[in-house]
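The shown structure was predicted, so the numbers you read here are calculated from the model rather than taken from an experiment. The figures here come from the full heavy-atom set of this structure, side chains too, leaving out hydrogens, waters and symmetry mates.
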Amino acid sequence: MKNIAPSSQESLNNPYVNHLIFLFGIVYFAQGIAQSGGLIYQPLNYYLKEVMHLNEVGATNYLAFLTIPWVIKPVYGLVSDLISLFGYRRKSWLLVVNILTSSGYFWLAEISNGDSLIMALLLTAIGTAASDVIIDALMVENGRKFNMISQFQAVQWFWFYVAQIVTSLAGGWLAGMADPGTGLRTAAIIAMIAPAAIALLSWLVVKEKKTAMGLASLMVTVKGLREAFRSRLLWAAMLFLIFWNFSPSFGIPIYYHMTDTLNFSQSFIGELGAISSFGSIVGAWLYGKYVSNRELHFQLVFSIIAGAISTFSYLSVINPAPYSEELFIVLSFFFGITSMVALLAILTLAGKACPKRAEGFTFAVLMSLTNGFAQLSAIAGSWMLINWFEGYLPPLIILSGAATLFCFFLLPDLKGLR
């Protein structure tokens with residue numbers, strides 16, 4: 001008889017499902033603190049600007065190295081899918097890679113020059129990216145088993161953005177310290193605790209049968225990988241992700257603009273990040289309540305229009321004015337909502353499309369595209385600002401919004417997806 005997955009409501013009565021909900025929430029909260037875009041993000045940017053004296057292009061290119069571990073996420077997925085460590089495909093690897101991340105932050109707290117700084121950051125990025133892949137593989141496996149993919153992802157991203165609120169406020173405070181180096185080192189020491197907590201909790205909570213590396217097990221995984229490459233659904237999702245993320249970004253340029261032109265304090269910039277993260281929490285709630293039950297075509301159209309509008313809206317706040325801070329607060333909140341709705345629409349689709357025994361690899365491929373093209377977008381945006389637009393922001397903002405609207409031309413390829 002064919003196994004039928006329980007309803008999500010029935011699954012909520014399962015104690016192990018509730019343990020997983022707790023684990024996924026804690027892990028994403030900790031990852032929100034530990035990743036390079038977390039607690040150290042603003043102290044690091046301020047350190048690069050004030051101590052290493054890098055301009056927008058220099059800072060973007062310097063940090064581009066940290067994207068490499070996220071771009072090669074499929075490698076971690078393959079290793080976790082194919083190779084058992086101490087008899088486990090997931091929990092042992094979670095233990096090892098999170099210890100690696102903690103070690104990187106311990107090293108970062110002892111920085112003395114730019115070379116050691118980037119190497120320590122690279123170590124933390126490798127550990128965090130690998131941990132993210134493995135926990136997502138666990139989410140897909142158990143989400144399919146208990147019919148809880150959407151619910152698990154909602155929990156994950158809710159707590160991730162709760163962490164982003166905390167790190168934005170704390171990061172702004174740390175960046176505002178008298179000495180940028182002290183702020184960065186303090187952030188590193190605090191961030192070191194998060195991956196250590198993930199390592200311990202994942203080992204205690206995850207229930208996983210021991211598996212041996214046998215030919216039969218290997219062939220099942222290889223079959224799953226072959227199905228992944230043949231899936232039209234996945235190829236269509238990949239193409240949309242590429243163009244959604246590759247719009248010339250103005251993230252670092254707008255940070256420099258807020259600091260040097262608008263004279264925003266570091267603490268206020270941190271507060272804007274917290275407001276954007278709160279908007280993302282609202283966006284996750286709106287998605288689950290009103291958007292998730294609509295057809296995928298509607299979700300993508302909504303995401304494209306809302307994303308373009310929020311991007312173009314930044315044209316109204318780039319010049320110094322008495323009301324600049326208030327407008328930035330509104331836009332940060334709105335941008336957080338639209339970004340989260342778009343993200344969850346793609347991630348839920350990706351999770352349901354992953355073939356069995358290749359969950360880690362397939363989901364990692366989609367996330368690698370997201371991370372890789374987002375970073376290419378950041379590099380392109382900073383380069384265009386300096387070389388094409390001579391430091392003038394409006395053309396870059398217009399180009400970014402227009403690139404988002406280009407995604408409309410890709411919708412026919414997704415017409416058959418539900």
Which residues satisfy the side-chain contact (heavy atoms from CB on, under 4.5 Å) test with S276, sequence neighbours excluded?
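By the side-chain contact (heavy atoms from CB on, under 4.5 Å) rule, S276 matches S332.
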Would you indicate whether the side-chain heavy atoms of L138 and L94 approach each other to under 4.5 Å?
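Counting from C-beta outward, L94 and L138 do come under 4.5 Å.
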Can you find a pair of side-chain heavy atoms, one from L66 and one from I118, that are under 4.5 Å apart?
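A side-chain contact under 4.5 Å exists here.
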Using a 3.5 Å cut-off and no angle test, enumerate the donor-acceptor pairs between side-chain atoms of residues 385-397 and protein atoms at least two apart in sequence or in another chain.
{"unit_1": "N387", "atom_1": "ND2", "unit_2": "W383", "atom_2": "O", "d": "2.9"}

Given the rule in the side-chain contact (heavy atoms from CB on, under 4.5 Å) test, do F328 and I269 qualify, once you have shown the distances and angles that lead to the verdict?
CA-CA 10 Å; F328 259 99; I269 295 174; over 6 Å; no
Residues that Y161 engages under ring pair (Phe, Tyr, Trp, His ring centres under 6.0 Å), provided they are two or more places apart:
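Residues passing ring pair (Phe, Tyr, Trp, His ring centres under 6.0 Å) with Y161: none at all.
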For F312, is the CZ atom crowded, meaning more than 12 foreign heavy atoms sit under 6.0 Å from it?
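Yes, because the 6.0 Å sphere around CZ of F312 holds more than 12 heavy atoms from other groups.
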With a 3.5 Å distance limit and no angle check, can you tell me whether T128 reaches the backbone of A125 through a side-chain donor-acceptor pair?
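Between the backbone of A125 and the side chain of T128 there is no qualifying donor-acceptor contact (under 3.5 Å).
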Which pair of non-hydrogen atoms, one from A120 and one from G104, has the smallest distance, and what is that distance?
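Scanning both residues completely, I find the closest heavy atoms to be CB-O, 3.8 Å.
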Does Q164 offer a backbone N or O that forms a donor-acceptor pair with the side chain of T167 under 3.5 Å?
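Answer holds: yes.
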Which atoms form the tightest heavy-atom contact between P180 and E50, and what is the distance?
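Scanning both residues completely, I find the closest heavy atoms to be CG-CB, 4.1 Å.
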With side chains defined as the heavy atoms from C-beta onward, is the minimum distance between L39 and I190 less than 4.5 Å?
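L39 reaches I190 side chain to side chain.
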So, S202 side chain and A199 main chain: donor-acceptor pair closer than 3.5 Å or not?
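Flag set: sc S202 to bb A199 pair under 3.5 Å.
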Looking at Q35 and I40, what are the two nearest heavy atoms and their distance?
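Heavy atoms of Q35 and I40 come nearest at O-CG1, 4.4 Å.
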List in chain and number order the residues that pass side-chain hydrogen bond (donor to acceptor under 3.5 Å, both in side chains) with Y28, two or more places apart in sequence or in another chain; answer none if no residue qualifies.
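With neighbours one apart ignored, the set is D132, D136.
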Within a strict 4.5 Å, meaning less than it, do heavy atoms of the Y47 and L117 side chains meet?
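Y47 reaches L117 side chain to side chain.
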To the nearest 0.5 Å, how far apart are CD1 in I21 and CZ in F146?
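Answer for the CD1-CZ pair, I21 versus F146, is 10.5 Å.
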Please report the interatomic distance CH2(W159) to CD1(I281), rounded to the nearest 0.5 Å.
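Rounded to the nearest 0.5 Å, the CH2-CD1 separation comes to 8.5 Å.
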Could you measure the distance from the CG atom of L184 to the CD1 atom of I189? Nearest 0.5 Å is fine.
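Between atom CG of L184 and atom CD1 of I189 there are 10.0 Å.
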Salt bridge (charged side-chain N to carboxylate O under 4.0 Å, His left out): which pairs involve residues 33-47, sequence neighbours left out?
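Not a single pair qualifies under salt bridge (charged side-chain N to carboxylate O under 4.0 Å, His left out).
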Can you name the ring pair (Phe, Tyr, Trp, His ring centres under 6.0 Å) partners of Y105, sequence neighbours left out?
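Expected list: none.
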Who are the side-chain contact (heavy atoms from CB on, under 4.5 Å) partners of Y256, not counting sequence neighbours?
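Partners of Y256 by the side-chain contact (heavy atoms from CB on, under 4.5 Å) criterion, ordered by chain and then number, come out as K49, E56, A59, I252, D260.
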To the nearest 0.5 Å, what is the distance between CG on L23 and CD1 on I135?
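L23 atom CG to I135 atom CD1 measures 4.5 Å (nearest 0.5 Å).
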Is the side chain of S80 donor-acceptor paired with the backbone N or O of Y76 at a distance under 3.5 Å, no angle test?
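A pair under 3.5 Å: no.
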Please check if atom CZ in F408 has more than 12 non-hydrogen atoms from other residues, nucleotides or ligands closer than 6.0 Å.
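More than 12 heavy atoms, drawn from other residues, nucleotides or ligands, come within 6.0 Å of this atom.
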Within-4.5 Å side-chain heavy-atom neighbours: V51 and Y46:
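A side-chain contact under 4.5 Å is absent here.
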At what distance, to the nearest 0.5 angstrom, does CG of L20 lie from CD of E141?
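It comes to 10.5 Å.
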Passes side chain to side chain donor-acceptor pair (under 3.5 Å), S131 versus Q31? Steps please.
CA-CA 9 Å; S131 176; Q31 287 186 173; 3.2 Å; yes
With sequence neighbours left out, what residues match F268 under side-chain contact (heavy atoms from CB on, under 4.5 Å)?
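By the side-chain contact (heavy atoms from CB on, under 4.5 Å) rule, F268 matches F264, S265, E271, L272, E325, I329.
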Can you check whether W203's main-chain N or O pairs, donor with acceptor, with K91's side chain at less than 3.5 Å?
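Checked: pair present.
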Give a yes or no answer on whether the side chain of T404 reaches the backbone of I304 with a donor-acceptor pair at less than 3.5 Å.
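No, T404 side chain to I304 backbone: no donor-acceptor pair under 3.5 Å.
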Heavy-atom closest pair, residues P43 and L174:
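That closest heavy-atom pairing would be CG-CB, 3.9 Å.
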CG on L121 to OG on S116, rounded to 0.5 Å
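Reported to 0.5 Å precision, the distance equals 9.5 Å.
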So, for S103 and L123, which heavy atoms are closest and what is the spacing to 0.1 Å?
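Nearest pair, atom of S103 first, then L123: C-CD2, 4.4 Å.
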Sequence neighbours excluded, every pair satisfying salt bridge (charged side-chain N to carboxylate O under 4.0 Å, His left out) that has a member inside residues 21-39:
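Every pair satisfying salt bridge (charged side-chain N to carboxylate O under 4.0 Å, His left out) with a residue in residues 21-39: there are none.
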Least distance between heavy atoms, V341 atom then Y287 atom
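So the two residues come closest at O-CD1, 4.0 Å.
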Do S92 side-chain atoms and L85 backbone N/O form a donor-acceptor pair below 3.5 Å?
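Side chain of S92 to backbone of L85: a pair is present.
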Please name all residues satisfying side-chain contact (heavy atoms from CB on, under 4.5 Å) with L200, sequence neighbours left out, ordered by chain then number.
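side-chain contact (heavy atoms from CB on, under 4.5 Å) list for L200, sorted by chain: L204.
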Aromatic ring pairing F406/F409, orientation class (parallel under 30°, perpendicular over 60°, tilted between)
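Ring orientation, 0 to 90° scale: tilted.
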Check whether any side-chain heavy atom of L201 sits under 4.5 Å from a side-chain heavy atom of V27, and report yes or no.
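Result no, sub-4.5 Å side-chain heavy-atom pair not found.
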With distance as the sole test, does T261 use its side chain to make a donor-acceptor pair with the main-chain N or O of M258 at under 3.5 Å?
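No, T261 side chain to M258 backbone: no donor-acceptor pair under 3.5 Å.
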